[in-house]
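Following: one structure in structure tokens, then a few remarks.
Every number for a ligand or one of its atoms is a count from 1 in the order of the listing. This one's a predicted model, so the numbers in the text were calculated from it and none came from an experiment.
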Amino acid sequence: MRTILVTGGAGFIGANFVHYMLRKYPEYRIVVYDKLTYAGNLDNLRAVWDNPRFAFVKGDICDRQQVEAVVREYGVKIIVNFAAETHVDRSIIEPDAFIQTNVYGTYVLLEVVKDLGLERFHQVGTDEVYGDIPPGYRSREDDPLRPRSPYSAAKASADLLALAYYTTYGVPVTITRGSNNVGPYQHLEKVVPLFTTNALEDKPLPVYGDGRQMRDYMWVEDHCEAIDLVLHRGTPGEVYNVGTGQEIENLAMVEVILETLGKPRSLVHFVEDRPGHDRRYAMDISKIRALGWTPRYTPREAIAKAVRWYVDNPWWWRPIKEGEFRQYYERVYGHRKVLGTLRDTS
Ligand code: NAD
Ligand code: DAU
């Protein structure tokens with residue numbers, strides 16, 4: 001039995017990856033190592049908790065001693081690193097934890113992989129490291145990195161460290177750079193769950209700026225399949241872009257949410273923009289396609305599918321929305337000026 005350590009496996013994509021891997025590979029054991037920050041949620045792992053091939057350890061990736069002990073105890077051969085501070089708006093307010101976890105934490109994991117001679121370190125990266133992409137262009141894996149938020153700068157640093165460990169020490173590292181994921185168990189701070197649950201409660205949807213920013217919304221399990229493929233067929237030292245290759249405007253994403261729920265456009269409130277907001281992300285995905293991966297869902301299909309999950313699973317999101325998230329919401333949205341609204345007929 002091979003053991004994979006999934007760091008950050010109690011978060012959104014990590015938990016989906018755990019479900020996917022346990023289902024697909026009867027010969028794998030999965031150990032989740034997670035600090036359980038505000039974003040970590042054991043409800044995300046409820047369905048696999050009693051699986052004998054699953055184990056959970058609470059811990060910080062910055063704690064080298066504990067990471068090493070867990071790797072030894074479980075005979076870990078592969079680390080897939082999802083652990084990170086992930087929300088751009090939070091990185092603007094309080095960057096500290098982003099530098100600590102996303103940069104120092106990745107360094108700690110790389111040190112352990114190097115010193116204990118593990119088979120693979122996979123870093124789950126983001127398309128945000130390429131920065132704001134002009135219309136007509138798609139980022140390629142060897143493009144220069146131009147991150148513009150504390151979040152993306154920290155993620156870019158992690159990618160560079162991982163590649164440096166490959167070059168300098170021969171650590172078998174792979175990196176995927178994913179676009180915006182949507183699907184089950186995504187924290188309500190992110191736009192699709194936030195807007196869906198607000199709309200379900202007939203509350204305003206706070207669209208930043210003019211809502212014409214472009215994102216490539218991808219179904220989370222498509223992303224999990226791509227990571228799986230890179231783990232098994234990818235080449236160490238290589239980076240792979242993962243997305244649908246079909247970015248859409250945020251206003252189009254909002255339309256899908258409202259249509260799926262049968263809610264009025266008057267819920268849309270244009271509010272003050274996010275500082276340094278990247279207008280467009282768009283990636284060339286030919287490299288991962290050549291490896292044999294293809295996304296199953298378009299952005300519109302993925303968003304509609306995600307919306308339906310939140311409709312069907314209020315048990316999951318209501319406790320979050322009624323908890324400390326309320327203070328966060330007040331802090332980020334309470335003072336934002338409303339610049340305009342959408343009319344139902346427009
Ligand atoms: P998330 O915020 O939902 O979950 C992050 C998880 O990491 C949480 O369970 C949290 O408790 C854990 N964590 C945070 N700090 C930790 C630490 N110091 N030690 C151990 N665990 C810690 O994140 P997500 O959206 O699932 O993203 C997962 C990864 O994928 C991140 O690396 C992110 O940068 C990357 N990514 C996300 C997206 C997206 O659309 N969400 C897209 C591309 C890449
Ligand atoms: O592109 C991949 C990245 O996608 C990941 O690396 C990040 O971890 C993940 O959080 C996500 O970053 P974004 O900043 O793109 O996601 P977010 O859901 O915060 O916002 C998506 C878009 O919606 C973005 O253009 C900002 C806009 N937005 C967001 C929120 C929360 C709004 O208009 N209003 C909002 O309230």
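The nearest heavy-atom contact from the protein to atom 1 (O) of ligand 2 is D127 OD1, 2.5 Å. Looking only at heavy atoms of the protein, atom 34 (N) of ligand 2 is closest to P206 O, 2.8 Å.
In this structure, F54 and W49 have tilted ring planes: the angle between them lies in the 30° to 60° band. Classification of the W309-Y185 ring pair by plane angle, with boundaries at 30° and 60°, yields perpendicular.
Ligand 2 lies within reach of E189, whose nearest heavy atom is under 4.0 Å from it. Residue-ligand proximity: H277 is placed with a non-hydrogen atom under 4.0 Å from ligand 2. Contact analysis puts Y217 in contact with ligand 2, with a non-hydrogen atom separation below 4.0 angstrom.
Remark: the T3 side chain and the R29 side chain contain an N/O donor-acceptor pair separated by less than 3.5 Å. Neither side chain, R308 nor T260, offers a donor N or O lying under 3.5 Å from an acceptor on the other. In summary, the side chains of K35 and T101 do not present any donor paired with an acceptor at a separation below 3.5 Å, with no hydrogens or angles considered. For the residue pair Y137/D143, the side-chain donor-acceptor check at 3.5 Å is satisfied. When only modelled atom types and interatomic distance are considered, N198 and K263 share no side-chain donor-acceptor pair under 3.5 Å.
Ion pair E259/R300 not flagged as a salt bridge, since none of the NZ, NE, NH1 or NH2 atoms sits closer than 4.0 Å to an Asp/Glu carboxylate oxygen.
You'll find the ring centres of F82 and H122 outside the 6.0 Å limit. Proximity of the aromatic rings of H187 and Y38 is defined here by a centroid distance below 6.0 angstrom, and this criterion is met. The ring of Y130 has its center no closer than 6.0 angstrom to the ring center of Y281.
Considering backbone and side-chain N/O atoms, L194 never comes within less than 3.5 Å of an N/O atom of ligand 2. Taking any N or O of S179, backbone or side chain, none lies under 3.5 Å from an N or O belonging to ligand 2. Distances between N or O atoms of V191 and those of ligand 2 include at least one value under 3.5 Å. An N or O contact shorter than 3.5 Å is missing between Q213 and ligand 2 by distance. Where the criterion is an N or O separation shorter than 3.5 Å, residue side chain and backbone included, K190 fails it with respect to ligand 2. Taking any N or O of Y281, backbone or side chain, none lies under 3.5 Å from an N or O belonging to ligand 2. For ligand 2, none of its N or O atoms has an N or O atom of D89 under 3.5 Å away.
By heavy-atom distance, the residue among R336, M214, R274 lying nearest atom 17 (P) of ligand 2 is R274. The nearest non-hydrogen atom to atom 6 (O) of ligand 2, considering only Y333, F270, Y151, comes from Y151. By heavy-atom distance, the residue among Y329, Y208, F12 lying nearest atom 32 (C) of ligand 2 is Y208.
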Under 3.5 Å, side-chain donor or acceptor atoms of residues 331-339 against the rest of the protein: list the pairs with distances, not counting sequence neighbours.
{"from": "Y333", "atom 1": "OH", "to": "Y208", "atom 2": "OH", "distance (Å)": "3.2"}
{"from": "R336", "atom 1": "NE", "to": "E272", "atom 2": "O", "distance (Å)": "2.8"}
{"from": "R336", "atom 1": "NH1", "to": "V332", "atom 2": "O", "distance (Å)": "3.1"}
{"from": "R336", "atom 1": "NH2", "to": "D273", "atom 2": "O", "distance (Å)": "3.4"}

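Sorted by chain then number, the residues whose non-hydrogen atoms approach ligand 1 to under 4.0 Å are G8, A10, G11, F12, I13, D34, K35, L36, T37, A39, G40, G59, D60, I61, F82, A83, A84, T86, T101, V124, G125, T126, Y151, K155, G178, S179, N180, N181.
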